[in-house]
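Below: one structure, written as structure tokens.
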2 protein chains.
Amino acid sequence: MEKAKGKIRIKDIARMAGVSAGTVDRVLHQRGIVSEKSRKAVNKVLEEINYSPNLLARSLASKKSYRFICLFPAYQKGEYWESIEKGFRQAAEEFENYKVEVLIEYFNQFDSSSFVEAAKTVMKYEPNAVIMSPVFRQETLEFTHQLSEKNIPFSFIDSMIEDADFIAYYGQHSSLSGYIGGKLLFQSLPPNSRILILHTFRKGSSGAIQTENRKKGFLRYMEENRLNDTTELLSVEIFEDDDERNIKLLQKIFDECQGIQAAITFNSKVHRLAKYFKILSHPEIKLIGYDVLEENITYLKEDIVSYLIAQRPEKQAYCSIRDMSYHLIFNRKINRINYVPIDILIKENIDYYLNFNE
Amino acid sequence: MEKAKGKIRIKDIARMAGVSAGTVDRVLHQRGIVSEKSRKAVNKVLEEINYSPNLLARSLASKKSYRFICLFPAYQKGEYWESIEKGFRQAAEEFENYKVEVLIEYFNQFDSSSFVEAAKTVMKYEPNAVIMSPVFRQETLEFTHQLSEKNIPFSFIDSMIEDADFIAYYGQHSSLSGYIGGKLLFQSLPPNSRILILHTFRKGSSGAIQTENRKKGFLRYMEENRLNDTTELLSVEIFEDDDERNIKLLQKIFDECQGIQAAITFNSKVHRLAKYFKILSHPEIKLIGYDVLEENITYLKEDIVSYLIAQRPEKQAYCSIRDMSYHLIFNRKINRINYVPIDILIKENIDYYLNFNE
DNA sequence: TGTTATTTTGTGTACGTGCACAAAATAAAT
DNA sequence: ATTTATTTTGTGCACGTACACAAAATAACA
């Protein structure tokens, strides 16, 4: 019923090819010098038996070890990057026995010089690979050039810089996720609606690329469905740390504009709006946001947020390390561009979504 | 920055506790006899250093091997169970080096005696564990009793029998997935709608439990939202292998009842309805179905199916084997009830969903 | 043909753990 | 005190691979 997978090991191959284990090893790894005759004999056997090495034994015997450094923004509890770090740590644990050491290095996402500093630190560690989130385009490019010079492979997470020579990228197709946000928002909405679009103002912020792209996708949806003429978009700037001011601002808008049907924000801070809407007694406004943060979940379950659009950050982080290990240690082919699923979450399916993130 | 994880191995522990490696081994695995004095000494060291064994070396050295048998319905290409088998095979590959052998045994899901036969065959293999889909309640229960007698652990996949003594269960919360089907269907639907509910008639079919539960969930949604009075449900029975007859049947219904707004089916065969609706030129009817089959995807992308509700069958199968391995080989604690996420798929997010099933 | 340089091949040990078996320590019996 | 039985402990090999080093085979040259 099952093909009898070979229990054939190196020494069996050696015997079958009439050579020693050492020679088989040399053929397998293309190291040292092997006579044409022996090489052919070994290769012939290899083709016949479909040898697959025991990766456990390989790792155990190998003298090589690997140091991966993960470079991404420092964060506060409950933020998006917390999930990313969780994924890194999970992978670290799993690949520890394969002699992979995972170090984490943070930088301030609102200060490019902090990134440059962190990059320097990373180089000092002499890593075998780097996983990073490219917040600052120019500075990241310079860093990747350094890495390439030293033949240190690197992958991107969250977003990517297309012209860099990265091994792999893991992240959401952000413009598409914005497009989907549009679709979810406009369905079951009467024509001629007023819609709030909320941005968060942050001093020093370079305007995250992800967020911008989501908005582009959203607008594309409106355009494709000819909603521009029948819809009134109200753009509002929220402030990072000033609830009182934000509430006043929203109150004013509600007073001036009647009949606001829905609201969307393209960063992960929809929980803040939910809080305001709750306080201002506007739970009827359909609210859509991004990312599975604990606070967002709370409001989703309370039915104040209608949809969360999610992107499995743990999985992104986990896979980036897993694939880099596969690439370096086992020499496996891996995908270069890895767009994560765009998950649509509602009150009813959030629970099991969380449970099953292994 | 990182806690310095111990490179401390058994022989280090032995040295630190002033005993031999053999004694440490005996304490770790509670085998053989160890004097109180030695046990205490070893345990003390163990508590201090937080030892975690090298699982690679452990598997390599272990003489034990494991035979898992997966028992589920025989299927045709493109059916739901194909994904299940894919997940099993993937896990089989990954755990091969851990000396786990995975065998697959099919039965006819429309014939309980075929299950009984298959179960007999399974016993002959003398498996170390069984993963199965419990289609026939009574027959499965008898089988699980036999397994329990022989101390063979087993897990359920797809659905479960609550009173059996299973190790773990992996599947969708089917009633909830039906509830969500209701929510998706009724949103953006005008009040006073006519809705088609389609069942598939299959000779000898016991009426899959999953499908029934989904319908229950759907009806619960209607009840909770007081849709019973304003909605007209039309129940239609479709035949498994008679397209012509089905089309005639539907044509008749369309002729008799105007203004059908939406349709849903609780099994994975929504592609068949999609085909009929396309032929009968009723693409405006909102159609919802379950499971990511290739044919379903086609109609989702054509916008004939509006939503697919999915349940990651590969992952279910994969995890069932992974966890059984963890349980038997590494003695890890695993979750007993594992409800898979209920994924909401639309035209726009189906592509990356597929890509990332690793 | 012998000697040396060069290429090619074979052997042994290590990785960290499991497990069988021998050795040592202790207890029991005479 | 000696033998014997019993408990407890230590040692050595195996798993499948990587890799260093020794050994053998061949080529080059005198």
Side-chain angles (χ1 to χ4, degrees), chain A residues 5-43 45-46 49-66 95-101 328-331, chain B residues 5-43 45-46 49-66 95-101 328-331:
Chain A
K5 277 253 183 163
K7 300 259 174 184
I8 303 173
R9 311 292 72 190
I10 287 184
K11 56 177 168 182
D12 301 313
I13 299 173
R15 190 171 31 74
M16 290 158 81
V19 296
S20 75
T23 301
V24 176
D25 179 71
R26 278 180 281 268
V27 173
L28 278 175
H29 296 84
Q30 293 153 27
R31 64 170 148 236
I33 299 158
V34 183
S35 70
E36 200 55 33
K37 193 178 134 202
S38 303
R39 166 169 285 112
K40 271 188 185 165
V42 172
N43 277 328
V45 177
L46 282 179
I49 61 139
N50 185 29
Y51 166 75
S52 77
N54 184 328
L55 299 183
L56 308 190
R58 174 171 288 185
S59 290
L60 192 60
S62 172
K63 293 203 189 322
K64 293 191 198 109
S65 72
Y66 304 85
F95 288 95
E96 191 194 350
N97 285 332
Y98 290 96
K99 298 195 177 64
V100 175
E101 177 195 24
L328 286 180
I329 309 182
F330 306 134
N331 212 17
Chain B
K5 277 251 182 163
K7 300 259 174 183
I8 303 172
R9 310 292 71 188
I10 287 185
K11 56 178 169 183
D12 301 313
I13 298 173
R15 190 172 30 74
M16 290 160 81
V19 297
S20 74
T23 302
V24 175
D25 179 71
R26 277 179 282 267
V27 172
L28 279 175
H29 297 84
Q30 292 154 27
R31 64 169 147 236
I33 299 158
V34 183
S35 70
E36 200 55 34
K37 192 178 135 202
S38 302
R39 166 169 286 113
K40 271 187 185 165
V42 173
N43 277 327
V45 177
L46 282 178
I49 59 137
N50 186 28
Y51 166 74
S52 77
N54 184 328
L55 299 183
L56 308 190
R58 174 172 286 185
S59 290
L60 192 61
S62 172
K63 292 204 188 325
K64 292 192 199 109
S65 73
Y66 303 85
F95 288 94
E96 191 194 351
N97 285 332
Y98 290 95
K99 298 195 176 65
V100 176
E101 176 195 24
L328 286 181
I329 309 182
F330 305 134
N331 213 15

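In what follows, every heavy atom counts, from backbone to side chain, and hydrogens, waters and symmetry copies are set aside. Proteins get letters first, then strands, A, B, ... in listed order; numbering begins at 1 in each.
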Looking at every non-hydrogen atom in both residues, tell me the closest pair between [X] and [Y] and how far apart they are.
X       : Y       : result
A:Ala21 : A:Ala14 : N-CB, 3.6 Å
B:Tyr51 : B:Ile8  : CD1-O, 3.6 Å
A:Asn97 : B:Leu56 : O-CD1, 3.4 Å

Pair A:Asp12 + A:Arg9: basic N to acidic O under 4.0 Å: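 The answer is no: the pair does not qualify as a salt bridge.
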Measure [atom1]/[X] against [atom2]/[N] and give the value in whole Å, please.
X        : N      : atom1 : atom2 : result
B:Glu96  : D:dG16 : CD    : P     : 12 Å
B:Lys64  : C:dA20 : NZ    : C1'   : 14 Å
B:Lys7   : C:dT17 : NZ    : P     : 12 Å
B:Lys37  : D:dT8  : NZ    : C1'   : 11 Å
B:Ile10  : D:dC13 : CD1   : P     : 18 Å
B:Arg15  : C:dG16 : CZ    : P     : 13 Å
A:Asn331 : D:dA18 : CG    : P     : 12 Å
A:Leu56  : C:dG18 : CG    : C1'   : 15 Å

side-chain contact (heavy atoms from CB on, under 4.5 Å) with B:Ser38: which residues, sequence neighbours excluded?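 Expected list: B:Val19, B:Thr23, B:Val34, B:Ser35.
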All side-chain contact (heavy atoms from CB on, under 4.5 Å) counterparts of B:Leu60, not counting sequence neighbours: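 side-chain contact (heavy atoms from CB on, under 4.5 Å) check on B:Leu60 returns A:Asn54, A:Ala57, A:Leu60.
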Which pairs, protein N/O on one side and nucleotides 13-15 of chain C N/O on the other, fall under 3.5 Å?
| residue | atom | partner | partner atom | Å |
| --- | --- | --- | --- | --- |
| C:dC15 | O2 | A:Leu60 | O | 3.4 |
| C:dC15 | O2 | A:Ala61 | N | 3.4 |

Walk me through whether A:Val100 and A:Ile329 qualify under side chain to side chain contact (heavy atoms under 4.5 Å, CB included). CA-CA 9 Å; A:Val100 175; A:Ile329 309 182; 3.7 Å; yes
How would you list, by chain and number, every residue that makes a ring-ring contact (aromatic ring centres under 6.0 Å, His included) with B:Phe95, sequence neighbours excluded?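 B:Tyr98.
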Do the side-chain N or O atoms of [X] get closer than 4.0 angstrom to the phosphate oxygens (OP1, OP2) of [N]?
X       : N      : answer
B:Arg9  : C:dG16 : no
B:Tyr98 : C:dT17 : no
A:Ser59 : D:dT17 : no

Let's see if you get this right: which residues in residues 17-36 of chain A place a heavy atom under 4.0 Å from DNA chain D?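 Per residue number, the list reads A:Asp25, A:His29, A:Arg31.
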Using modelled atom types and a 3.5 Å cut-off, is there a donor and acceptor pairing between side-chain atoms of A:Lys99 and backbone atoms of A:Lys64?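 Not confirmed, A:Lys99 side chain does not pair with A:Lys64 backbone.
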Worked verdict on A:Asp25 versus A:Leu28 for side chain to side chain contact (heavy atoms under 4.5 Å, CB included): CA-CA 5 Å; A:Asp25 179 71; A:Leu28 278 175; 5.5 Å; no
What is the distance from atom CG of B:Leu46 to atom CE of B:Met16, rounded to the nearest 0.5 Å?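 The CG atom of B:Leu46 sits 9.5 Å away from the CE atom of B:Met16.
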Short N/O separations, protein against nucleotides 22-24 of chain C, under 3.5 angstrom:
none

